[in-house]
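Encoded as structure tokens, the structure appears first; notes follow it.
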Amino acid sequence: MQRRILAWFQAHRRALPFRDDPDPWRVWVAEVMLQQTRVEAMLPRYREFVARFPDPATLAAAEEEAVLAMWSGLGYYARARALHRAARRLARGGGEIPRAAAALKELPGVGEYTAAAVASIAFGEAVAVVDGNVRRVLARLFAVPGAPGRAAFERRIRELADELMRAGGAADPGAWNQALMELGALVCLPKRPRCGECPAAGACRARAAGREADFPERAPRPAATVVSTTRGVVRDAEEGLLLVRRRESPLRGLLDFPGGPCRAGESPRRALAREASRRYRLELVPGRALPPFPHQIMHRKITVFAFEATFAGASPDRLPEGARWVRPDHPPGIAAGAIFRKVLRLLPAP
DNA sequence: CACGCGTGGCG
DNA sequence: TCGCCAAGCGT
């Protein structure tokens with residue numbers, strides 16, 4: 001399997017500038033720029049950067065402002081500051097870039113991944129890289145359970161990566177590491193893996209089980225934030241019509257009662273009056289409270305406080321833009337959100 | 001182990 | 001239009 005992956009890499013690898021010339025400084029700069037950044041976005045900036053700062057000493061001599069200027073648009077500017085600090089530290093110590101991953105990792109901005117990448121690609125050290133691509137490829141090849149970030153998953157991936165480096169990667173550590181990452185970037189894609197083009201498909205346990213989309217598992221979403229929102233139900237005295245408005249984004253265009261979110265510490269009644277006035281030019285006075293109920297959207301736990309409400313003064317002759325009256329048994333074909341329907345069910349029969 | 005850090009491309 | 005990232009690191 002490893003021979004097939006390496007052969008595939010030789011045939012399909014992209015021609016990236018730091019591949020033609022595995023100069024340690026160029027590899028280092030490239031790996032830092034590639035942190036959380038796409039190759040296409042990084043390439044032009046990379047060429048400018050290494051032309052302007054061809055070695056650590058040149059970077060060390062530059063002002064931080066000039067370094068950041070060369071980085072502008074790439075994001076994660078702490079990377080540029082760390083690289084600058086690292087270059088200055090090297091300059092004071094004699095200027096040589098450490099050859100071992102363990103020593104590289106001591107430098108600012110150089111973590112487990114970058115240390116292994118530079119040591120293997122530039123110096124041929126047999127240390128395995130583990131990045132997002134490697135996690136995904138190995139999780140599928142070996143059907144590794146668990147989600148990235150979880151200790152058990154990370155431990156197992158690390159074991160597998162180390163073992164593969166020992167087994168078939170050590171002859172050319174840089175090539176093996178890049179082959180695995182390139183496979184993840186071009187074939188073993190996060191969403192729709194191109195298993196038909198994969199040199200390792202025959203050995204892939206996820207593929208054999210028809211479950212390549214199930215690996216790696218998705219990390220559990222962060223805990224839902226708890227918020228409150230309000231709605232006001234205004235009924236026309238004569239016909240029992242309900243006052244509604246069209247939503248702005250999100251759920252733009254859908255029907256809903258006037259109202260909106262409570263600010264921190266704000267009472268629902270006050271929030272209703274404020275939101276109805278500010279957002280919809282409806283001056284409302286909250287009356288009897290309907291039973292509060294929960295509603296969940298994605299990672300938000302919303303408590304909905306609905307009130308019967310009346311106009312602050314006389315009923316306006318013309319409703320503001322976006323507001324209108326509808327029958328309580330609103331005709332089918334009118335799109336309304338879930339909160340609207342839940343509030344509707346709380347209302348007593350007219 | 002959670003979080004913040006930036007940006008551009010994609011469905 | 002918008003959520004979801006993509007070759008991580010430091011705190």
Side-chain angles (χ1 to χ4, degrees), chain A residues 9 13-19 22 26-46 68-86 89 101 104-122 127-139 146-155 157-158 161 173-193 213 216-225 247-254 297-300:
Chain A
F9 178 59
R13 68 180 200 168
R14 292 167 290 182
L16 305 179
F18 47 92
R19 284 185 173 159
R26 292 165 58 87
V27 172
W28 182 5
V29 171
E31 292 300 340
V32 171
M33 278 194 179
L34 281 170
Q35 291 168 13
Q36 301 287 285
T37 304
R38 296 174 163 279
V39 166
E40 313 83 71
M42 160 273 195
L43 275 183
R45 321 313 304 280
Y46 171 80
L68 292 176
M70 294 297 293
W71 207 271
S72 72
L74 273 179
Y76 284 121
Y77 297 95
R79 297 181 297 175
R81 291 196 188 87
L83 187 60
H84 191 213
R85 283 209 310 284
R89 184 180 299 182
L104 284 161
K105 195 172 177 311
E106 298 304 309
L107 294 166
V110 179
E112 195 76 29
Y113 165 79
T114 307
V118 174
S120 63
I121 296 170
V127 283
V129 298
V130 174
D131 75 333
N133 288 311
V134 173
R135 286 184 179 88
R136 185 172 61 256
V137 170
L138 296 186
R150 309 299 301 186
F153 176 90
E154 297 296 336
R155 233 180 352 258
I157 294 293
R158 169 52 61 186
W176 171 247
N177 278 335
Q178 293 183 82
L180 222 41
M181 291 191 283
E182 196 81 334
L183 190 63
L186 299 183
V187 174
C188 197
L189 304 175
K191 297 199 172 166
R192 297 192 40 175
E217 291 171 22
R218 313 260 303 172
R221 290 284 100 196
T225 57
R247 290 188 59 102
E248 296 303 319
S249 182
L251 306 184
R252 181 186 183 81
L254 296 190
I297 298 177
M298 300 294 289
H299 56 289
R300 303 171 82 82

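Throughout, a chain's letter reflects where its sequence line sits, starting with A, and its residues are numbered from 1.
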So what does A:Gly73 touch, heavy atoms closer than 4.0 Å: a base, only the sugar-phosphate, or nothing?
-> sugar-phosphate
Between C:dC9 and B:dG8, how far apart are the P atoms? Round to whole Å, please.
-> 22 Å
Could you state the atom-to-atom distance from CZ of A:Arg218 to P of C:dA6 in whole Å?
-> 9 Å
Among the candidates B:dC1, C:dC9, C:dA6, find the nucleotide nearest to the side-chain atoms of A:Ala151.
-> B:dC1
Under 3.5 Å side-chain donor-acceptor pair for A:Thr37 and A:Arg79 | yes
Separation of C:dG3 P from A:Lys191 NZ (nearest whole Å) = 13 Å
Within less than 4.0 Å of OP1 or OP2 of C:dC9, is there a side-chain N or O belonging to A:Thr114?
-> yes
What nucleic acid atoms does A:Val110 come within less than 4.0 Å of, heavy atoms only: base, sugar-phosphate, or nothing?
-> sugar-phosphate
Rounded to the nearest angstrom, tell me the gap between atom CE in A:Met181 and atom P in C:dA6.
-> 16 Å
Residue closer to the 5' end of DNA chain B, A:Tyr77 versus A:Ala152 (nearest nucleotide) = A:Ala152
When we call it a touch if two heavy atoms are under 4.0 Å apart, what does A:Glu40 touch: a base, just sugar-phosphate, or nothing?
-> nothing
Quick one: label A:Arg13 by what it contacts on the DNA or RNA (base, sugar-phosphate, nothing), any heavy atom closer than 4.0 Å.
-> nothing
With a non-hydrogen cut-off below 4.0 angstrom, is A:Leu189 in contact with a base, only sugar-phosphate, or nothing?
-> nothing
Can you name the closest pair of heavy atoms from A:Arg14 and A:Glu40 and give their distance?
-> NH1-OE2, 4.4 Å
Using the P atoms only, state how far C:dC5 lies from B:dA2, rounded to an integer number of Å.
-> 15 Å
Nearest-Å distance for atom pair CZ/P, residues A:Arg81 and B:dC5 = 12 Å
Roughly how many Å is it from CG in A:Leu83 to P in B:dC5, rounded to a whole number?
-> 21 Å
Could you tell me whether the side chain of A:Tyr46 reaches within less than 4.5 Å of the side chain of A:Arg26, counting heavy atoms only?
-> yes
Separation of A:Gln35 CD from A:Thr114 OG1 (nearest 0.5 Å) = 4.0 Å
Mate of B:dC1 across any strand shown (Watson-Crick or G-U wobble, both atom pairs under 3.5 Å) is none
Whole-Å distance between C:dG10 P and A:Gln36 CD?
-> 13 Å
Distance in Å, A:Phe9 CZ paired with A:Leu180 CG, rounded so as to fall on 0.5 Å steps | 10.5 Å
Which whole-number value in Å describes the distance from A:Tyr76 OH to C:dG8 P?
-> 9 Å
Between the side chains of A:Arg13 and A:Gln178, does any donor sit under 3.5 Å from an acceptor?
-> no
Same-atom distance (P) from C:dC2 to B:dG6, integer angstrom = 23 Å
Is the shortest side-chain N/O distance from A:Arg192 to OP1 or OP2 of B:dC10 below 4.0 Å?
-> no
Expressed in angstrom and rounded to an integer, what is the separation of A:Glu31 atom CD from C:dG8 atom C1'?
-> 11 Å
Any idea which of C:dC5, B:dG6, C:dG8 is nearest the A:Thr37 side chain?
-> B:dG6
